[in-house]
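The structure's right below; bear with me while I get my questions together.
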Amino acid sequence: MDRPLRPGRRPLVAGNWKMHGLRKELVEVEKICAEAAAGGADGAEIVLCLPATLLGAAAPICAGAGVGLGGQHCHNEPSGPFTGDISAEMLKDAGASYVILGHSERRTGHHEGDESVRDKANGAFRAGLRAIVCVGETRAEREAGDALPVVASQLAGSIPITSTPESLVIAYEPVWAIGTGLTPTLSDIAGMHRFIRERIDAHLPGMGHGMRILYGGSVKPGNAAELMGVSNVDGALVGGASLSARDFMGIAGVYRHFCDAGPA
Ligand code: 13P
């Protein structure tokens, strides 16, 4: 396993709470912040992508702890007659600095295509948010041997040409690994992440090396060290396990242990 602290790419561990979380669950945010402030994920950046309803209340809790906040989707327009939607500017105003875009649950459940994801990413950049753009194949696509072309096409269609390593993070989330307890083999993850970095460089010349590529799909405290140790994996996008401070910090804490082990 090679070392996960790579020059120029600060590891990022982001939690995606999805449609979970009432105000009483802010206690988990408080615990995460307390642990992060005490160095619980030394070297790694921590971001919580909460339901929009919790961002305002979470912002003062996270601010002092160096924990970032994110939304889970946004409209491409800054404002307008779009009932039920939320703009990147609104997320920013509520305290977010990131937004997840193109998650498979939105690609499937809300019919968001690559072009729409790209428009939303442009909206995020306009508002000064960083976009975490998700890509990943379904089980049928993997079994048909199409995982690489599917991801290549999602990347080509979803990534704005103005993206930089500062404004964009890619999350590789195989759809069949989300919420299932299944994960690809470490060598499949290594192959896909290397491929994604090459595709980014082809699409955005010179940007591949600096771009952070997260792995997402059934990341747990028990498998985080081996997943985060894979070459070209620059952190995790965590679903279910991010709802518990203990589990989430058990994942983010792998970077502290890597640091404790000495310089890479
Ligand atoms: P799980 O970690 O629950 O598999 O979810 C992954 C995910 O969808 C993160 O965006």
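Note that the structure is predicted; figures quoted are calculated from it, not measured. Each ligand, and each atom within it, is numbered from 1 in the order the structure gives. Heavy atoms only: backbone and side chains are in, while hydrogens, waters and symmetry mates are out.
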Worksheet item: Would G216 count as a contact of ligand 1 if the rule is a heavy atom under 4.0 Å away?
Response: no

Discussion item. Please report whether ligand 1 has a polar contact with G179, defined as an N or O pair separated by less than 3.5 Å (distance criterion only).
Written reply: yes

Worksheet item: What's the spacing between E137 CD and S153 OG if we round to 0.5 Å?
Response: 12.5 Å

Practice prompt. First locate atom CZ of R197, then atom OG of S231, and finally report the distance between them rounded to the nearest 0.5 Å.
Written response: 8.0 Å

Discussion item. Whether R126 and E89 form a salt bridge (side-chain N of Lys/Arg under 4.0 Å from carboxylate O of Asp/Glu) is what I want to check.
Written reply: yes

Response to the item:
Atoms of ligand 1 under 4.0 Å from any heavy atom of L237, numbered from 1 in the order shown, are 9 (C), 10 (O)

Discussion item. Any nitrogen or oxygen of T180 lying under 3.5 Å from a nitrogen or oxygen in ligand 1? Just yes or no.
Written reply: no

Discussion item. For atom 1 (P) of ligand 1, tell me which residue out of S218, C134, A236 has the closest non-hydrogen atom.
Written reply: S218

Discussion item. Using 0.5 Å steps for rounding, measure from the CG atom of N16 to the CG atom of L243.
Written reply: 9.0 Å

Discussion item. Heavy-atom contact check, 4.0 Å cutoff: does K18 meet ligand 1?
Written reply: yes

Fill in: 4.0 Å heavy-atom contact, A241 with ligand 1
no

Discussion item. Check this for me: does any side-chain nitrogen of one of E45 and R212 sit under 4.0 Å from a carboxylate oxygen of the other?
Written reply: yes

Worksheet item: Which of the atoms in ligand 1, numbered in the order shown and given with their element, are less than 4.0 Å from a heavy-atom of G217?
Response: 4 (O), 6 (C)

Worksheet item: With only distance considered, is G240 within less than 3.5 Å of ligand 1 through an N or O on each side?
Response: yes

Item to complete: Do me a favour and list the nearest non-hydrogen protein atom to atom 9 (C) of ligand 1 with residue, atom name and distance?
Response: E173 OE2, 2.8 Å

Item to complete: To the nearest 0.5 Å, tell me how far L26 CG sits from K31 NZ.
Response: 12.0 Å

Discussion item. G239 versus ligand 1: do any nitrogen or oxygen atoms come within less than 3.5 Å of each other?
Written reply: yes

Discussion item. Can you tell me how far apart CD (E166) and OG1 (T164) are? Round to the nearest 0.5 Å.
Written reply: 4.5 Å

Worksheet item: Backbone or side chain, does any N or O of N16 fall under 3.5 Å from an N or O of ligand 1?
Response: yes

Worksheet entry | Spatial distance of atom CD1 (I132) from atom CD (Q72) [nearest 0.5 Å] | 10.5 Å

